Trainee: 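Have a look at the structure that comes next, please.
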There are 2 protein chains.
Amino acid sequence: MTTDSPAVAQTDPGPTDAMIADVFSRGCTSRQALEAVTGRWGVLTVAGLRDGAVRFNALRRRIDGVSEKMLAQTLQTLERDGMVVREVRTSIPPHVEYSLTGLGHRVADRLVGLLDVLEGSVDEVTAAQQRYDATRGQAS
Amino acid sequence: MTTDSPAVAQTDPGPTDAMIADVFSRGCTSRQALEAVTGRWGVLTVAGLRDGAVRFNALRRRIDGVSEKMLAQTLQTLERDGMVVREVRTSIPPHVEYSLTGLGHRVADRLVGLLDVLEGSVDEVTAAQQRYDATRGQAS
DNA sequence: GGTTGGCGCTTTCGAAAAGTGAGCGCATGC
DNA sequence: GCATGCGCTCACTTTTCGAAAGCGCCAACC
């Protein structure tokens, strides 16, 4: 965290004085970017583009469960926030490729770290879930 | 639908690459954990607990914009997935404290890396947004 | 001693977001 | 011709979110 500021976090989001980026305050651009990345499909989309340019439907096949609509929307948001580049090949047949920008790569690197932790902690998570469900009494 | 990895479902080898958890496949526990963390308020909740135990309403005040309902829900999900611990102090008045588990801390560390990147890239993101909005006849 | 207010949630009820399926223009394969 | 795949976009349904209120409990104020 760059700035630990519990007192100023709840003031108005106007960028009046110092431009201290703070994800904890709503209205900060970094929070928009965070929401773009951590939206329902953001993480997997960015992570899926990490190995290089990928075409729309290839990416869709890779990210199990994403709908065309949501993938398109997610990619557009990420493109707008400067993390993804969209390239249209006007060849025949025309196809569209997506890739990461420099910022996108920097984000992706952190994300992959997260993913690794999560993938490596499956057993721990499963155990915790079972413990929790046993205590609280229901699974659904 | 606990663990259904299409790539490793057939084999039953040693522990080295037997359990290849894959966030890209829906149904994998790691994906559940990912969604708990990257849900709307997951990142900020985990990050907000990083400095130590915090009480419910203190956390709520710190995370600008979160509702009580969503914070409670987020915390419950994170607790179920073994990243957060809930402790009730039976003193008078009784209050509730939340803190991170070991897994929670590991996740939080990656998250803070992400947050740093994002907070440090505010200018880049803003510029990209303006470029995008100028090119594409505006998103109203 | 009655009211107010904070705490940690849970419930209720619109509103917003995600998911579903269809369609579209184009090009190729059968 | 007809079907299929591509990269989306457009209605429409379902799920989720958010603001407000309620609740039981207790401390503090008037």
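Because only heavy atoms are used, hydrogens play no part in the values below, and waters and symmetry mates are left out as well, while side chains stay in. Chain identifiers are assigned alphabetically (A, B, ...) following the order of the sequence lines, protein sequences preceding nucleic acid strands; residue numbering begins at 1 within each chain. Only a predicted model underlies this, so the values are computations on that prediction, with no experimental measurement involved.
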Trainee: Of the options D/dC17, D/dA11, C/dG8, whose atoms approach the side-chain atoms of B/V96 most closely?
Mentor: C/dG8
Trainee: From C-beta outward on B/W41, which listed nucleotide comes closest to its side chain: D/dC10, D/dG18, C/dG8?
Mentor: D/dG18
Trainee: Mapping A/S67 and A/P94 to their closest nucleotides on DNA chain C, which lands nearer the 5' end?
Mentor: A/S67
Trainee: Please say yes or no: joined through hydrophobic side-chain contacts below 4.5 Å, possibly via intermediate residues, are A/V46 and A/V85 part of one cluster?
Mentor: no
Trainee: How many Å lie between CZ on B/R89 and C1' on D/dC25, as a whole number?
Mentor: 19 Å
Trainee: If every non-hydrogen atom of A/L71 is compared with every non-hydrogen atom of A/I63, which pair is closest and at what distance?
Mentor: CD1-CD1, 4.3 Å
Trainee: Send over the distance from A/R61 CZ to D/dT4 P, rounded to a whole Å.
Mentor: 16 Å
Trainee: Quick check on the hydrophobic clustering: are A/L59 and A/V112 connected, directly or via other members, by side-chain heavy-atom contacts under 4.5 Å?
Mentor: no
Trainee: Nearest to the side chain of B/N57, which nucleotide is it out of D/dT9, C/dT10, C/dG8?
Mentor: C/dG8
Trainee: B/Q76 side chain: which of D/dG7, C/dT10, D/dC17 is closest?
Mentor: C/dT10
Trainee: Over how many whole Å does the gap from A/R86 atom CZ to D/dG7 atom C1' extend?
Mentor: 8 Å
Trainee: To the nearest angstrom, how far is B/F56 atom CZ from D/dG24 atom P?
Mentor: 19 Å
Trainee: Using whole Å, what does the distance between atom P of nucleotide D/dG7 and atom CD of A/E79 come to?
Mentor: 15 Å
Trainee: In whole angstrom, what separates B/R26's CZ from C/dA18's P?
Mentor: 17 Å
Trainee: Whole Å only: how far is the CD atom of A/Q73 from the P atom of C/dT20?
Mentor: 14 Å
Trainee: Calculate the interatomic distance between B/M70 atom CE and C/dT11 atom P; express it in whole Å.
Mentor: 15 Å
Trainee: Respond yes when some side-chain nitrogen or oxygen of B/R60 is under 4.0 Å from OP1 or OP2 of C/dC7, and no when none is.
Mentor: no
Trainee: Using a strict threshold of under 4.0 Å (side-chain N to carboxylate O), is an ion pair present between A/D109 and A/R50?
Mentor: yes
Trainee: What does B/R55 touch in the nucleic acid at a heavy-atom separation under 4.0 angstrom: a base, only the sugar-phosphate, or nothing?
Mentor: sugar-phosphate
Trainee: Within this structure, what is the CG-OG1 distance for the pair B/L44 and A/T38, rounded to the nearest 0.5 Å?
Mentor: 7.5 Å
